[in-house]
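Quick notes on the structure that follows.
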Amino acid sequence: MSEQQVVTYCRICEPLCGLVATVRDGELVQLRPDPAHPLSRGFACAKGIAMTEVQNDPDRVLHPLRRLPSGEFERISWDEALDGIAARLKDVPRDGIGWYFGNPATFSYSHPLWMNSFMAAVGSKHIYSAGSQDVNNRFAASALLYGSPLLVPIPDLKRTKLLLMLGANPLVSHGSLISEPRIKERLAKIPRVVVVDPRRTETARAHEHLPIRPDGDAWLLLSLLQVIFEEKLEADFDAAGTGEFRRLVAPFTPESTRERTGIAAETVRELARDLATAERAAVYGRIGSCLGRSGTLTAFLIDALNLVTGNLDRPGGVLFGRAPMRLDELARVSGLATYGERRSRIGGYPDVLGTFPAGVMAREITTPGPGRLRALFVSAGNPVNSVPGGLPVEELDLLVCLDIYVSDTAKHADYILPATTFLEREDFPLPFGQLHLTPYASWTEAVVPPRGEARQEWRIIEDLARRMGLHPGALGAQRLAHRLGFRPGPRVLVDLLLRTGPDRLSIRKLRKHPHGIVLAEHQGTGTLRKRLLHKDKKVHLAPPEIAGEIGRLSTLEEPGGYPLRLIGLRELRSHNSWMHNVQALMRGKRTHLARISPKDAADHGIEDGAVVVITSQHGRVELPAKVTDEMIPGTVAVPHGWGHSGGWPRANAAGGANTNLLASPEDLEPLAGMARLNGVPVKIGPGGR
């Protein structure tokens, strides 16, 4: 019997915490936090440690599966699976082939590159991701402001004195669009943290809570800007469209926005003055600010507020991080750094980083005509559970899922192809280099061999492409190499990019430092002008798209008969829809609960623990109620990702409801196609009637 300790890092969420794996005879026995990791320093959350159970889960898919006419699955060989898929695709027009990838795909250095290059070789624009339920509005706002969707600012938590945080709960999520493993400690050292949220979240309880009505963020930001301009508190800044922007925000006085935000006018004025006069301040927003009707406008206004207060691209404000490779150039030459270069067939939504809103997939499947979506690949995603209104996958000609489980989506698939966990592959945190608060780089080899016949997604894509006669490649040189008979893998490409990057790293060098390398104490500042892609090298404050969205605010109406507003929330032991089959995370009789204020409970005759019916214009769910004063009246909070019916028994037995069935697939934010999952009009009542 041989046992070894293998250093690696977690790829569940963005902190990328260091882990040490105990491996015995080629099998994972235990995961624990890595005390020698320079950033996480012995911290890892319960989900990262629980990956031992995911890795060894008896319910994992370990062999290719094919659906029988009975609906059951049979085990087949890889050759049978890939040959069968390639043969079925011959009957599907190339522009009818689509791909949806979920959140875990982003944490692979190879998966997105090969998926995007495969779809480019196919010649279809049907690419969708979980980003339209999460983050695409942030990229759209950056494209409008800076000319590049990849210029995403991160708050300088190390040096700021005042942090205004909208719709973020990093004490549970551990941070998003920022990689900082010990974020709780960072926040505790900031003199003042103001948390704007309809719910008194775990983060809000630890700091200063400013309650807001759901979907009121854009109104609050506009009124903060209005006060700063009115009282001449703005910093000296240079931007295009400043005069027009002043005119656009002028009507949004704190008095006029109070009904939308629920925040007293004087509170807004005091906060605006504090932001404008603070020695160092930063404004930061995450998923709670993204999923309303004005997500792109909200992200845009957050950056505008940082700019106007003099805190954009400066120490203690918000920074534009630098990756250890030329990520901006890689994205441009691979065709990934796009916004609005193409439009979706249904709805005419702009692409964001080459993807279209997942909310239109249902109509793309059901609407006849040229370019109809007829065959769909799903990798590391569960769109039946996660997109608004669900997905009519039964109407597809072909559904292929690359996954580790028979998910709620995969149970409908014609083929299920077993993918590796992150512990079974080598990796480099490709998309997250410029999001590290502390500049950092690391590489990991696979911790254990793949179980069963699981394969990395890029290898599956490569093998399928061969059968289809395609020559995919993330770079033009790679596609040329394919045609010459040489098909370089992702390790070769990443090593080349590291060697030509600003730090002249290499995989060989990183392997000598298994805990990673800290590249600098802080991300640099004063770099924005060099990285702006607008021709005038200025931040654009008043593009017509944003002017239109500000004008649209006053026209937004809500349906009658739905007096409450539904919001989502994250749970410490959940991660979207894929970790409810883990015993360690489901201990303590975990239950899917709807959080309701005492006032709303009394008004609607609902007792704590009793079943409540939540109804929107588009759907109806039932689940137990938790009556709690953490909710402001008029708001209901329900975690997403529950309500399973796939091939994961423990997740199915946990019950719960798919709250995305309450959302409309047609109610999408126009500039990024974001699903409206926050602020959804609902009504409630006692269950069992």
Side-chain angles (χ1 to χ4, degrees), residues 61 67 96-106 111-112 115 119 124-136 287 291 344-347 349 351-367 372-417 419 457 568 575-580 618-619 640-648 651 656-668 672-677:
V61 176
R67 174 183 293 282
I97 299 173
W99 200 297
Y100 175 92
F101 63 100
N103 174 273
T106 310
H111 183 168
M115 181 272 301
M119 291 300 293
S124 172
K125 65 180 184 179
H126 283 299
I127 306 178
Y128 308 92
S129 80
S132 54
Q133 293 98 254
D134 181 356
V135 71
N136 281 358
I287 194 167
L291 298 179
S344 62
R345 183 179 75 109
I346 301 297
Y349 292 97
D351 81 283
V352 180
L353 299 181
T355 70
F356 289 117
V360 304
M361 280 200 300
R363 286 176 287 161
E364 291 282 7
I365 292 170
T366 59
T367 305
R372 176 188 170 196
L373 179 57
R374 293 176 53 185
L376 180 65
F377 289 85
V378 175
S379 57
N382 190 13
V384 164
N385 186 287
S386 61
V387 304
L391 197 66
V393 290
E394 66 280 355
E395 297 192 35
L396 289 164
D397 295 344
L398 177 67
L399 175 63
V400 179
C401 290
L402 289 67
D403 213 317
I404 61 175
Y405 286 111
V406 182
S407 68
D408 311 297
T409 301
K411 76 173 187 177
H412 300 282
D414 297 288
Y415 293 88
I416 305 176
L417 307 179
E457 290 91 348
H575 192 71
N576 300 334
S577 72
W578 69 280
M579 301 202 78
H580 290 141
H618 312 286
H640 67 282
W642 289 71
H644 297 287
S645 61
W648 32 23
N658 179 6
T659 55
N660 285 352
L661 296 177
L662 298 171
S664 168
E666 298 186 15
D667 192 4
L668 305 181
M674 299 295 292
R676 186 186 182 189
L677 300 175

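What you see is a predicted model, and the numbers here were worked out from it, not measured in a lab.
With sequence neighbours excluded, no residue forms a side-chain hydrogen bond (donor to acceptor under 3.5 Å, both in side chains) with H412. Qualifying side chain to side chain contact (heavy atoms under 4.5 Å, CB included) partners for P665, counting only residues two or more places apart in sequence or in other chains: none. Legend: residues meeting side-chain hydrogen bond (donor to acceptor under 3.5 Å, both in side chains) with D134, ordered by chain and number and at least two apart, are R286. Residues passing the side-chain hydrogen bond (donor to acceptor under 3.5 Å, both in side chains) test with S344: none are found, sequence neighbours excluded. Every residue meeting the side chain to side chain contact (heavy atoms under 4.5 Å, CB included) condition with N136, not counting sequence neighbours, appears here in chain and number order: S129, S132, F139, V352, T355, A672, M674. Residues passing the salt bridge (Lys or Arg N to Asp or Glu O under 4.0 Å) test with D351, sequence neighbours excluded: none. In terms of the side-chain hydrogen bond (donor to acceptor under 3.5 Å, both in side chains) criterion, residue partners of R345 (sequence neighbours excluded) are, by chain and number, E364. Shown here are the ring-ring contact (aromatic ring centres under 6.0 Å, His included) partners of H644, two or more places apart in sequence or in another chain: H580, W648. Residues that satisfy the side chain to side chain contact (heavy atoms under 4.5 Å, CB included) test with S379, not counting sequence neighbours, are W99, F101, H111, L402. Residues satisfying the salt bridge (Lys or Arg N to Asp or Glu O under 4.0 Å) test with R363, not counting sequence neighbours, are none.
Rounding to the nearest 0.5 Å places OG1 of T659 at 7.5 Å from CG of L677. Taken from CG in D403 to CD1 in I416, the straight-line distance is 8.0 Å, to the nearest 0.5 Å. To the nearest 0.5 Å, the span separating CG on N576 from NE2 on H640 amounts to 4.0 Å. Atoms CG and CE, on L373 and M361 in that order, are 7.5 Å from each other to the nearest 0.5 Å. Between the CD1 atom in I404 and the CG atom in L417 there is a gap of 14.0 Å [rounded to 0.5 Å]. Note that CG of L376 is 6.0 Å distant from CG of L399, once rounded to the nearest 0.5 Å.
Residues T409 and C401 are in side-chain contact: their nearest non-hydrogen atoms beyond the backbone lie under 4.5 Å apart. Contact check for Y405 versus N382: no side-chain heavy atoms found under the 4.5 Å cut-off. Under the 4.5 Å side-chain criterion, counting only non-hydrogen atoms from C-beta, V406 is in contact with V61.
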For D667 and H618, run side-chain contact (heavy atoms from CB on, under 4.5 Å): C-alpha distance rounded to whole Å, both residues' side-chain angles, the deciding distance at 0.1 Å, then the answer. CA-CA 11 Å; D667 192 4; H618 312 286; 5.5 Å; no

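Among all heavy-atom pairs drawn from Q133 and A675, the shortest one is CG-CB, 4.4 Å. Contact between A105 and A380 at its shortest, heavy atoms only, is N-CB, 3.9 Å. Between N660 and S386, the shortest heavy-atom contact is ND2-O, 2.7 Å. Nearest heavy-atom pair across P392 and T366 is CG-CG2, 3.9 Å. Residues G643 and N385 approach most closely at O-ND2, 3.6 Å, considering heavy atoms. When all heavy atoms of P357 and G673 are compared, the closest pair comes out as CB-O, 3.3 Å.
Sorted by first then second residue, the salt bridge (charged side-chain N to carboxylate O under 4.0 Å, His left out) pairs that include residues 374-398, not counting sequence neighbours, are R374-D397. Within the structure, the salt bridge (charged side-chain N to carboxylate O under 4.0 Å, His left out) test picks out no pair touching residues 381-393 (sequence neighbours left out).
A side-chain donor-acceptor contact under 3.5 Å links D408 to the backbone of S645.
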